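In what follows, every chain begins at residue 1, and chains take the letters A, B, ... in the order their sequences are listed. It should be emphasised that the depicted structure is a prediction, and the values quoted were computed from it without experimental measurement.
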Number of protein chains: 2
Amino acid sequence: MGLRERKKERTRAELQRHALRLFRDQGYGATTADDIAAAAEVSRSTFFRYFPTKEDVVLFDDVDPVMDRVMRGLPPGTPLLEAVRTVVRDSFGSLDDEARALEEVRMELARSVPQIAAILRERNSFGVEQIAGMVGPAVGRPADDPEVVLFAGVVIGTRLAAVARLQAGAGRSYIDELDGLLARLAGGIPLADEPITRRPPGPAPARSPA
Amino acid sequence: MGLRERKKERTRAELQRHALRLFRDQGYGATTADDIAAAAEVSRSTFFRYFPTKEDVVLFDDVDPVMDRVMRGLPPGTPLLEAVRTVVRDSFGSLDDEARALEEVRMELARSVPQIAAILRERNSFGVEQIAGMVGPAVGRPADDPEVVLFAGVVIGTRLAAVARLQAGAGRSYIDELDGLLARLAGGIPLADEPITRRPPGPAPARSPA
DNA sequence: AATTCTTTTGATACTGAGTCTCACTTGAGG
DNA sequence: CCTCAAGTGAGACTCAGTATCAAAAGAATT
């Protein structure tokens, strides 16, 4: 690996490191691209060359390719839902120290900076297609099979639930929370058959999706 | 209702109508706030007074308060998952003509304009809290009960799956698709116990969530 | 119907994200 | 060295979103 590549890697890491630090210290909104560039001692142009948007600084991670590899390495016959659980656990487990540290910071930010939480939630809803693309082949079905897509949706939904729980201050780490919810899911969808009860009329919740 | 209020209502409707038309005709990104304001014959300032962001023009709808009302009107004892199905179906069914027409246009846009699809997907991932806030009370549990949150996540995930299917060109209407998937969910999480199979290594999918 | 009060509007200016272009620097390779 | 390509910085530009303020217009009062 030449000097050039190493330099690029270093620049990217520096930008991300300073960005996360600034976001934490002075807030996401109050940190301009200029601030980040200045802190990392490069020009604003360079910042945008590395990260197409400010959000991407937060979102860039090294987990994705790992997940696919782990999935491929699982013994055939593993039940799908359990396979997903394993993938989730092992992917994070196999990160090197630096990557894991970044992951920590990012999750910390997600907890403390509402604006970043929002971004993470947004981005997370991407991914039905990605999960479906990973899961479909694993069970020998096309990625657009309705059941594959639905399964993928359920997985994403579970992640959203995990993030929502963290947000609400329910202790534990992101990974433990997600793993726990996935485990619970193995027993079926909770409350699905729970009978609803009459309740007094109250104010409607702020927004629910269209 | 005074002249003032009527005028406001008309202005908002005009802004939204022209905005959606322009988005459809010349694309979301290529349509500036100025364009919309000009088309509706108001100033740019006024546009932002009615819609805090450009996205909000697409996202403004009248469905939300309805859902809560429908939920409250259901007979006690209805199983939760079925209750949600009913709420979804009836909420859309009870829209007046104009609201329904807007809903149509918005869904059409979601299908044909990728950028708007992305926005809708983003926004949709909000709502775990909202759904939990609606569902928790209905079964006599706190909104932050882990099972309530997980259930809410599953519902949102199912929606994402429905949207993903529409996007992929799977015919049907949004509401039919969602209803169908919810129905399927009543039989448990599909594929959860499906054994995975060995498969040849291939290119990793573009991105999956962190 | 003239006057006062309040809401709504338009004009203007500003910040910051993101894009583009172009000239300059600096690794890589002969 | 010298050349070429890759990476960088500077500056200008567009557009979203915010803030301010003065003019216009509906509502209320006499």
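Between the CZ atom of A:Phe47 and the C1' atom of C:dG16 there is a distance of 12 Å, given to the nearest Å. Distance B:Glu41 CD to C:dT9 P: 14 Å, rounded to the nearest Å. Computed from coordinates, the B:Glu55 CD to D:dC15 C1' distance equals 14 Å when rounded to whole Å. Regarding A:Arg12, its CZ atom lies at a distance of 11 Å from the P atom of D:dG7, rounded to whole Å. Rounded to whole angstrom, the span from the CD1 atom of A:Ile36 across to the C1' atom of C:dG18 amounts to 13 Å. Here the P atom of nucleotide C:dA17 and the NZ atom of B:Lys54 are 17 Å apart, to the nearest Å. For the pair B:Asp35 CG and D:dG17 C1', the interatomic distance rounds to 16 Å; values are reported in whole Å. Between the CZ atom of B:Phe51 and the C1' atom of D:dT18 there is a distance of 18 Å, given to the nearest Å.
Using a distance-only test at 3.5 Å, with no hydrogens or angles considered, a donor-acceptor pair links the side chain of A:Gln16 to the main chain of A:Val57. Judged by distance alone, with hydrogens and angles left aside, the side-chain atoms of A:Asp25 form no donor-acceptor pair with the main-chain N or O of A:Leu22 at under 3.5 Å.
For A:Phe48 and B:Val42, each mapped to the nucleotide of DNA chain C holding its nearest heavy atom, the one lying further toward the 5' end belongs to B:Val42.
Here the closest non-hydrogen pair linking A:Leu182 and A:Val84 is CD1-CG1, 4.3 Å. For the pair B:Arg89 and B:Asp179, the tightest heavy-atom approach, listed with the atom from each and the gap, is NE-OD1, 3.1 Å.
Listed pair B:Thr46 / C:dG10 meets the phosphate criterion, a side-chain N or O lying under 4.0 Å from OP1 or OP2. Distances shown here put a side-chain N or O of B:Tyr50 below 4.0 Å from the OP1 or OP2 atom of C:dT9. Note on A:Lys8: a side-chain N or O is less than 4.0 Å away from OP1 or OP2 of D:dG7.
Comparing C:dA17, D:dC15, D:dT8 by their closest approach to the side chain of B:Thr32 singles out D:dC15. When distances are taken from the side chain of B:Thr11 to each of C:dG18, C:dT9, D:dG17, the shortest belongs to C:dT9.
Residue B:Arg44 places no side-chain atom within donor-acceptor reach of the base of C:dT12, judged by atom type and a 3.5 Å distance cut-off alone.
Side-chain contact between A:Val149 and A:Asp145: absent, with no pair of heavy atoms (C-beta onward) separated by less than 4.5 Å.
Seen from the ring of A:Tyr28, A:Lys54 counts as a face-on cation partner, given the 6.0 Å and 45° thresholds.
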- How does protein reach along nucleotides 19-30 of chain D, written 5' to 3' as B (base within reach of a heavy atom under 4.0 Å), S (only sugar-phosphate), or - (no contact)? ------BBS---

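Within a 6.0 Å sphere centred on CD of B:Glu41, heavy atoms belonging to other residues, nucleotides or ligands number 12 at most.
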